[in-house]
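Below is one structure, written out as structure tokens; the observations come after it.
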Amino acid sequence: MNTPRYSPHMAVPLTERVFGARDLGSLWFSLGIGLMVLQLGGLLAPGLGLAGGIGAILLGTAVGVLLLGAVAVIGSDTGLSSMAALKLSLGSQGAVLPALLNLLQLVGWGAFEVIVMRDAASLLAGKVFSEGSVLTSPVLWTLFFGALATLLAVTGPLTFVRRVLRKWGIWLLLGACAWLTWNLFDKADLGALWARAGDGSLPFALGFDIAIAMPLSWLPLIADYSRFGKAAGRVFAGTALGFFCGNVWLMSLGVAYTLAFAPSGEMNALLLALAGAGLGIPLLLILLDESENAFADIHSAAVSSGTLVTLKVEHLALAIGALCTLIALFAPLAEYQNFLLLIGSVFAPLFGVVLVDHFILRRRHAELAPRVGLRWDTLLAWGCGVVVYHALAKFAPEIGATLPALALAAVLQLLLGKLAGRQRDIAAV
């Protein structure tokens, strides 16, 4: 099957929108799973404990996937990639800034994914091969996973989802998650862990912001895949349900495994605990699945940059994959909690603006978007949301920042958008 190539500026024809709920459910279940998701759950464990951590994960992910599914519908409504669709709300020039920010964060995420895969593979190899073996070399695994993710990104989402993920990849992932869950119930005293409170080092509201940051981190690229969706209802259901199940399952396992088997909270201790389950096979399968997350980062980074330069997406994917691999070779894996929150500070308010503009002001009609270079109403609402996010994060972290900033940006866009629309009507008369 030859995969059609679409310019980031071009809407996917209706005849080529082939993804149903099962396709998108499989894709987003897979993207909700990963070693980074497990490790993020581990970050919540000490401060919130098992009950508090799972509560924050359930609430944050539930709210996040509703937003994720809604933004996915924008892709199926317009047939446009994420950054091309933003031009409808921000103007052709206004969309340049989020495209650059998206490219920056996706290159960072792609490098993080390669680093996580490298460290896990080196650890697994160290349990099988002697120290000093070439198969335990971090450089070897960095190059391997960087090349694998780049290859997947070049082939594109249609080939990957239909040929790999839907046919057999999703079943391997379900088996790995089920095995890790069984091992946890078999070896850990979950009743005692549930009754033990966290140490209070992390407020619940901040835990919620960290949990919601996972689905929100996908907002700037989800339309790159949902533009291949058949119908809005199926796109929303498959996206929201798939990501919710995968993300809640794995992040909750990260909390529980950390408390039960890696109380120090160190990432290597968590990986060792996971490697001890099922001879390391479930961890190996999740490790291979991590390449799908890196594929999405690299592919969408190429699509985003394709809105800025006139090069083929597959060529851009090669260059960005190589860049992510180089960064992974030289950058250590640091705590990325602040990185997640920074992403939320920019894109959560942005998509509060975009959702109001698409669903309320334009009523899902792309042709109603004003053809301008800059839309000052949307840019102003977005900027105010970002300022409020950082103000709340600094001065009132106990109440959370993500939802208030998103809601404020949405309300401002509703008011400013209607005012700008009336001014355009008057000017037209």
Side-chain angles (χ1 to χ4, degrees), residues 4-17 67 70-103 219-229 232 235 300-313 316 346-386 406 409-429:
R5 302 293 183 183
Y6 298 106
S7 164
H9 305 279
M10 182 176 70
V12 175
L14 290 173
T15 55
E16 299 294 340
R17 301 183 193 181
L67 297 170
V71 177
V73 170
I74 297 176
S76 67
D77 283 346
T78 63
L80 294 170
S81 66
S82 293
M83 294 301 110
L86 284 184
K87 293 181 180 180
L88 302 176
S89 295
L90 302 180
S92 58
Q93 296 175 16
V96 172
L97 177 59
L100 289 172
L101 292 174
N102 191 42
L103 176 61
L219 289 181
L221 61 153
I222 188 169
D224 298 345
Y225 309 96
S226 65
R227 64 178 176 152
F228 297 99
V235 167
S300 286
V303 173
S304 290
S305 56
T307 64
L308 304 172
V309 296
T310 55
L311 294 174
K312 290 184 177 180
V313 169
L316 291 167
V346 173
F347 288 109
L350 172 61
F351 283 95
V353 168
V354 170
L355 288 170
V356 166
D357 184 61
H358 181 79
F359 286 99
I360 298 178
L361 298 178
R362 291 191 282 110
R363 298 183 181 182
R364 299 173 63 184
H365 295 295
E367 64 272 13
L368 296 181
R371 304 303 183 201
V372 295
L374 291 172
R375 284 189 58 184
W376 294 106
D377 55 328
T378 53
L379 292 170
L380 179 59
W382 177 26
C384 290
V386 173
L406 186 148
V411 171
L412 280 176
Q413 174 55 27
L414 182 61
L415 298 175
L416 294 173
K418 287 186 175 182
L419 179 61
R422 281 198 288 269
Q423 291 178 340
R424 284 193 294 268
D425 292 340
I426 293 172
V429 174

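For the atom pair CZ (Phe359) and CD1 (Ile74), the distance works out to 5.0 Å, reported to the nearest 0.5 Å. A distance of 6.0 Å separates CG in Leu414 from CG in Leu361, rounded to the nearest 0.5 Å. One distance of note links CE of Met83 with OG of Ser305; it measures 11.0 Å at 0.5 Å rounding. From Ser304, atom OG reaches atom CG of Leu221 across 7.5 Å, with rounding to the nearest 0.5 Å.
Counting heavy atoms from C-beta outward, Thr378 and Leu416 have side chains that stay 4.5 Å or more apart. A heavy-atom distance below 4.5 Å is found between the side chains of Cys384 and Leu412. For the pair Ser82/Asn102, no side-chain contact is recorded, criterion being any heavy-atom separation below 4.5 Å from C-beta on. Residues Leu67 and Leu406 have side chains in contact (heavy-atom distance under 4.5 Å, counting atoms from C-beta outward). Within the 4.5 Å cutoff, the side chain of Val354 has heavy atoms near those of the Leu86 side chain.
For the side chain to side chain contact (heavy atoms under 4.5 Å, CB included) with Thr78, the qualifying choice from His358, Arg364, Arg227 is His358, the only one to do so.
The two residues Ala409 and Gly385 have their closest heavy-atom pair at CB-CA, 4.2 Å. Considering all non-hydrogen atoms of both residues, Leu103 and Ala301 come closest at CD1-O, 3.6 Å. Closest approach of Arg375 and Val372 over heavy atoms only: CG-CG2, 3.4 Å. Residues Leu316 and Ala302 come closest through the heavy atom pair CD1-O, 3.5 Å. In this structure, Ser300 and Tyr225 approach most closely via the heavy-atom pair OG-OH, 3.0 Å. Of all the heavy atoms in Ala232 and Ser76, the pair that sits closest is CA-OG, 3.8 Å.
With sequence neighbours excluded, no residue forms a side-chain hydrogen bond (donor to acceptor under 3.5 Å, both in side chains) with Ser226. Among residues two or more places apart in sequence or in another chain, the side chain to side chain contact (heavy atoms under 4.5 Å, CB included) test is passed with Ala410 by Val356. Every residue two or more places apart in sequence or in another chain that forms a side chain to side chain contact (heavy atoms under 4.5 Å, CB included) with Leu219 is listed here: Leu68, Val71, Leu216, Phe351.
Side-chain atoms of Asp377 do not come within 3.5 Å of backbone N or O of Ala420 as any donor-acceptor pair.
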Counting only pairs under 3.5 Å, give me each side-chain donor-acceptor contact of residues 88-97, with atom names and distances, residues two or more places apart or in other chains.
from  : atom 1 : to     : atom 2 : distance (Å)
Ser89 : OG     : Asp357 : OD2    : 2.8

